[in-house]
Every structure is written in C-alpha cells, then in structure tokens.
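Note that this is a predicted model, so its numbers are computed, not measured.
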Amino acid sequence: MLYDTLVEYYARLEETTKRLEMTDILTELFHEASPDEIDKIVYLTQGKIHPDWTGEPEIGMAEKTVVEAIVKVSGLKKERVESLLSSLGDIGLAAEEAIKDKKQSGFTVKELTVTHIYEGLDGIARREGKGSAKQKTDGLGSLMADSSPLGARYLARMVVGSLRLGIGDMTMLDALAQAYTGSKEARGDLERAYNLSSDLGLVARTMAKEGY
C-alpha cells in the first residue's frame, strides 16, 4: 500500500468523532491492506512501531527536532516554520504547510509505501549514541522529502507521539472483525486473542493470513 493511501484514510478518520463511522473507515483500510503489511498499518495507526511489551525502541522526537527536519526539507527559514507552528498549534499542520510551499516550487514526491515509512521510522528509533540526534533529524527529513504534504502532516505527528486520530483499540478490533469475517460478532474472540498477546498487529496479521 502506498503511504499516501494510508494517510488519506487518516484524514478521513480525523474528520469524524463517530465511532461507527471510524469503524467503517478502518474496515475499508484493512480490506485494502495486504497480509504482509497489515501489522505495520495497525502499529502505525496505534501511533507506535512495536507492541509495548517487546521493549523495542520507539521514536519520541521533540517538536524542536522535528522543526529542524522541516526547515531542512522545506528550505524555509526556521523563524517561518516556528511561526507556522505557533499559528497552527500543531506540528503536523506546520509540516504540511511547509511542504506545500516546497512542492509548489518544483518539489518532487516519491511513491513511498507503508513498508518504506515503517522501516524508516524503525531505523530512526534505533539511532542512539553520539551523533544520533542529527541522524534522527536527517532520517525524518529524508522521509518528509519523499512525502506529500499530507504525508508530512502525519509523519510529524507520529514522531512526537500525537497522531490525533482518536481511535481506541476496541474500535480497531471491531474493524478487524468486520474486515475479515463480515461482521462484528468475532470481536470477542479477537479481544481475547489481543488480551493474551498484547499485540494487535499480530492479531491482525494472523487474521489476514490464516483466517478466522
């Protein structure tokens, strides 16, 4: 799946507060996802890269670091990006606006897949030690440079831990049940599997590959 396709679903999710509508949008998303990427999509939608219990590193970048990445990619002055952030009150919208300016001046966008983004974010999270701060900034900048403005919105939010989709795990379980069994009746079984594994991506991948 293209990353742009995923973030188009995110934009639709962001526009509603109705749980049933969110469930239907997620059901569409899960239908479109391949079995090899469904777990990555689930983790990203949860705002993480790995299940909590694994102890694997997550991203957790500070807003000021993300501003540096936006400055590098957009070519805008730092004061301009900080002004966007101050007026919009959201690092994601600030990134989107900055990338829009860049795109209008001949900026080209690659067709990033969900797997590209997932692996890129995982690589950023694993940077540690001397020079890691710059490597993280450069890594995020590289992903943003290849992203659309909408993609940049959700990348910026994701790395600061504020995806703003308003989706709970139970809503995702409802959507997984609908996507792979045609109704929500299997939700109870999926919830038990989730409680045992603490890994919603694993539950989704198992459903996608092995069925219910």
Side-chain angles (χ1 to χ4, degrees), residues 1-61 90-92 113-122 124-126 143 150-151 153-212:
M1 178 184 289
L2 293 178
Y3 176 58
D4 273 354
T5 301
L6 177 62
V7 296
E8 284 165 9
Y9 279 105
Y10 285 175
R12 288 172 60 192
L13 288 164
E14 195 177 342
E15 288 170 1
T16 184
T17 56
K18 298 176 181 177
R19 183 175 172 181
L20 288 177
E21 195 170 336
M22 286 181 174
T23 303
D24 288 343
I25 293 168
L26 284 170
T27 301
E28 281 184 52
L29 169 60
F30 295 154
H31 264 145
E32 194 167 344
S34 77
D36 289 327
E37 65 191 355
I38 184 66
D39 53 343
K40 298 177 181 66
I41 288 170
V42 166
Y43 296 139
L44 291 174
T45 306
Q46 286 182 299
K48 61 181 69 173
I49 309 172
H50 307 284
D52 296 335
W53 59 267
T54 64
E56 297 278 355
E58 295 292 331
I59 300 177
M61 293 175 73
D90 172 14
I91 190 67
T113 65
V114 168
T115 298
H116 280 136
I117 292 293
Y118 180 88
E119 291 176 350
L121 293 175
D122 190 32
I124 292 169
R126 292 179 187 280
L143 291 177
L150 186 62
R153 178 203 297 184
Y154 292 104
L155 269 175
R157 287 180 180 173
M158 201 170 290
V159 298
V160 300
S162 180
L163 202 48
R164 298 191 176 194
L165 297 181
I167 300 168
D169 290 347
M170 297 303 108
T171 303
M172 293 182 73
L173 285 167
D174 277 342
L176 286 169
Q178 274 192 173
Y180 294 115
T181 71
S183 77
K184 295 179 186 174
E185 290 182 12
R187 206 304 274 287
D189 289 338
L190 296 187
E191 188 174 346
R192 280 188 288 277
Y194 181 36
N195 288 338
L196 287 170
S197 66
S198 298
D199 189 338
L200 195 54
L202 174 63
V203 173
R205 187 171 69 247
T206 303
M207 287 285 289
K209 291 193 171 186
E210 299 177 16
Y212 174 61

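A heavy-atom distance below 4.5 Å is found between the side chains of Asp24 and Gln178. Counting heavy atoms from C-beta on, the side chains of Asp52 and Ser198 never come closer than 4.5 Å. In this structure the side chain of Leu200 reaches within 4.5 angstrom of the side chain of Leu176, judged on heavy atoms. The shortest side-chain heavy-atom distance between Leu155 and Leu121 falls under the 4.5 Å cut-off. Taking the side chain as every heavy atom from C-beta outward, Asp174 and Met22 never approach each other to under 4.5 Å. The shortest distance between side-chain heavy atoms of Arg157 and Tyr10 does not fall below 4.5 Å. With a 4.5 Å cut-off on side-chain heavy atoms, Tyr9 and Glu32 count as touching. Contact annotation: the side chain of Ile59 never approaches that of Met158 to less than 4.5 Å [non-hydrogen atoms, C-beta and beyond].
The CD atom of Glu37 lies 7.5 Å from the OG1 atom of Thr113; values are rounded to the nearest 0.5 Å. Here CE of Met172 is found 10.5 Å from OG1 of Thr23. Values are rounded to the nearest 0.5 Å. Here the straight-line distance linking atom CG of Leu143 with atom CD1 of Ile124 works out to 5.0 Å at 0.5 Å rounding. Put simply, CG on Leu202 and CD1 on Ile38 are 12.5 Å apart, with the number rounded to the nearest 0.5 Å. With values rounded to the nearest 0.5 angstrom, Ser34 atom OG is found 8.5 Å from Lys209 atom NZ. Rounding to the nearest 0.5 Å places CG of Leu173 at 11.0 Å from CG of Asp189.
Between Leu2 and Val114, the shortest heavy-atom contact is O-CG2, 4.1 Å. In plain terms, the two heavy atoms of Ala156 and Gly92 that are nearest each other are CB-CA, 4.0 Å. Minimum heavy-atom separation, Ala208 to Tyr180: CB-OH, 3.6 Å. The two residues Asp39 and Gly201 make their nearest non-hydrogen contact at CB-O, 3.4 Å. Here the closest non-hydrogen pair linking Tyr3 and Gly151 is OH-O, 2.9 Å. Across Ile41 and Ala33, no two heavy atoms sit closer than the pair CD1-CB, 3.5 Å.
Between the Tyr43 side chain and the Pro51 main chain, no donor and acceptor come within less than 3.5 Å of each other. The main-chain N or O of His50 is found under 3.5 Å from a side-chain atom of Glu58 such that the two form a donor-acceptor pair.
Salt-bridge check for Glu56 with Arg126: passed, with a basic side-chain N closer than 4.0 Å to an acidic carboxylate O.
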(request) List the steps and the verdict of side chain to side chain contact (heavy atoms under 4.5 Å, CB included) for Leu44 and Tyr154. (result) CA-CA 10 Å; Leu44 291 174; Tyr154 292 104; over 6 Å; no

Practice task
Take Arg187 and Met170, measure what side chain to side chain contact (heavy atoms under 4.5 Å, CB included) needs, and give me the verdict at the end.
Solution key: CA-CA 8 Å; Arg187 206 304 274 287; Met170 297 303 108; 3.8 Å; yes

